[in-house]
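So the structure is just underneath, and the comments pick up after that.
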Amino acid sequence: MPELPEVESVLQCLSSSSPALIGRQVQKVLVLRDSVVDGDLDTLVTALTGSICSTIFRHGKYLFFGFLSSHGTQSRWMALHLRMTGRLFLVPEHKSRERHTRFTLILDQGLALRFDDPRAFGRVWLVDDPSEVTVSLGPDALLVTRDCFLDRLAGLKRQLKPLLLDQSFVAGIGNIYTDEILFRARLHPLRISDSLTSEETTLLYESMHTVLEQAVTAKGANIDGVFEAGSFHVQVYGRGGKPCCLCGTEIMKERFGQRGTHFCPVCQPCV
DNA sequence: CACTCTACCTGTGCGC
DNA sequence: TGCGCACAGGTAGAGT
């Protein structure tokens, strides 16, 4: 599932590819499944056709593509969320369609930006300004400073797992990295945020930062070979019943808040 | 405010 | 072999 590190990897791939996405003009918009577009489909197709991609950035798990109209400076933005199984590729135009391709921008120079998504949860939509989306998000989990993190934590009384998953607290962390962060911080997923000592709070921030930095460097997670994209090795996610890499105890898998949660009952004691 | 549940999707892997 | 079904999970929105 693409979380912050995987989305960052997509961004860096699109930004560094040559020939680049930036500067490409959209010749045609192919919508192969209508539900991929949130909002009015015709409006999006009309706005993007003929426009030129001028910038790309990421906030949490969201990607934003800036477009300039070919005749003026009016800018529109395409927001995109990969959800669980979405993938983005900049490909030669003749490879612009696969079995699960939902949406494609046919570009100049024989290129295409292709959005594949087997489970079809991912979405693209048009916004006048990215802030329409980011206003409801917390700061990016990779960029948030320790002081800002501690400020946002203060006064909250919430279970750590749902808190880290809450995109309005910090943006970018999903189910996999939540489990990895809490394992590294040696904190039980159901610990209440206001019960943490200041040392534990700092450890939580440092763990979040370290795990995300390492995963970005590794270009995403590698989960028992399921994900080919990255090489970040998970220590608890998907390892229920297997030995903890620190103490050898069996990793537990339980459902907390409708989500599979993996943790070591010894390294992450319930308090 | 904090939490729970449901809907949205479809490929995978299990039991029978 | 093949069928049915639980499961995976990010987000929105409604409910407790």
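Values below: all heavy atoms of this structure, side chains included; hydrogens, waters and symmetry mates excluded. A, B, ... follow the sequence lines: proteins, then strands. Residue 1 opens every chain.
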Legend entry - side chain to side chain donor-acceptor pair (under 3.5 Å) assessment of A:Asp147 paired with A:Thr145: CA-CA 5 Å; A:Asp147 285 348; A:Thr145 63; 5.8 Å; no
Hey, what are the protein-to-nucleotides 9-13 of chain B N/O distances that come in under 3.5 Å?
residue: B:dT10; atom: OP1; partner: A:Arg33; partner atom: NH1; Å: 2.7
residue: B:dT10; atom: OP1; partner: A:Arg33; partner atom: NH2; Å: 2.7

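- Residues satisfying the salt bridge (Lys or Arg N to Asp or Glu O under 4.0 Å) criterion with A:Glu93, sequence neighbours excluded, are absent altogether.
- Of all the residues in residues 153-172 of chain A, A:Gln167 reach under 4.0 Å from DNA chain C with at least one non-hydrogen atom.
- For A:Asp108, the side chain to side chain donor-acceptor pair (under 3.5 Å) test picks out A:Arg24, with sequence neighbours left out.
- For the side-chain hydrogen bond (donor to acceptor under 3.5 Å, both in side chains) condition, the pairs that include at least one residue of residues 48-61 of chain A, sequence neighbours left out, are A:Glu8-A:Arg58, A:Arg58-A:Asp140.
- With rounding to the nearest 0.5 angstrom, the CG atom of A:Asp116 is 12.5 Å from the CZ atom of A:Phe103.
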Inset, instruction - Go through the steps for A:Val37 and A:Val45 under the test side-chain contact (heavy atoms from CB on, under 4.5 Å), then give the verdict. - result: CA-CA 10 Å; A:Val37 175; A:Val45 171; over 6 Å; no
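- Under the side chain to side chain donor-acceptor pair (under 3.5 Å) criterion, A:Asp38 pairs with no residue, sequence neighbours left out.
- In terms of the ring pair (Phe, Tyr, Trp, His ring centres under 6.0 Å) criterion, A:Phe183 has no residue partners (sequence neighbours excluded).
- Note on the helix from B:dA2-C:dT16 to B:dC16-C:dG2: terminal axis deviation equals 50°, with five pairs used at each end and the result rounded to 10°.
- Here A:Arg102 pairs with A:Arg33, A:Val36, A:His100, A:Asp117, A:Ala120 under the side chain to side chain contact (heavy atoms under 4.5 Å, CB included) rule; sequence neighbours left out.
- Atom-to-atom, CD1 of A:Ile173 to P of C:dG10 comes out at 12 Å; the value is rounded to the nearest Å.
- In this structure, the ring pair (Phe, Tyr, Trp, His ring centres under 6.0 Å) partners of A:Tyr205, at least two apart in sequence or on a different chain, are A:Phe149, A:His209.
- Rounded to a whole Å, the CG atom of A:Leu63 is 16 Å from the P atom of C:dG10.
- Taking atom CZ on A:Arg259 and atom P on B:dC3, their separation rounds to 13 Å, with Å as the unit.
- For the segment residues 186-196 of chain A, the set of residues with a heavy atom within less than 4.0 Å of an atom of DNA chain B is empty.
- For A:Tyr177, the ring pair (Phe, Tyr, Trp, His ring centres under 6.0 Å) partners two or more places apart in sequence, or in a different chain, are A:Phe232.
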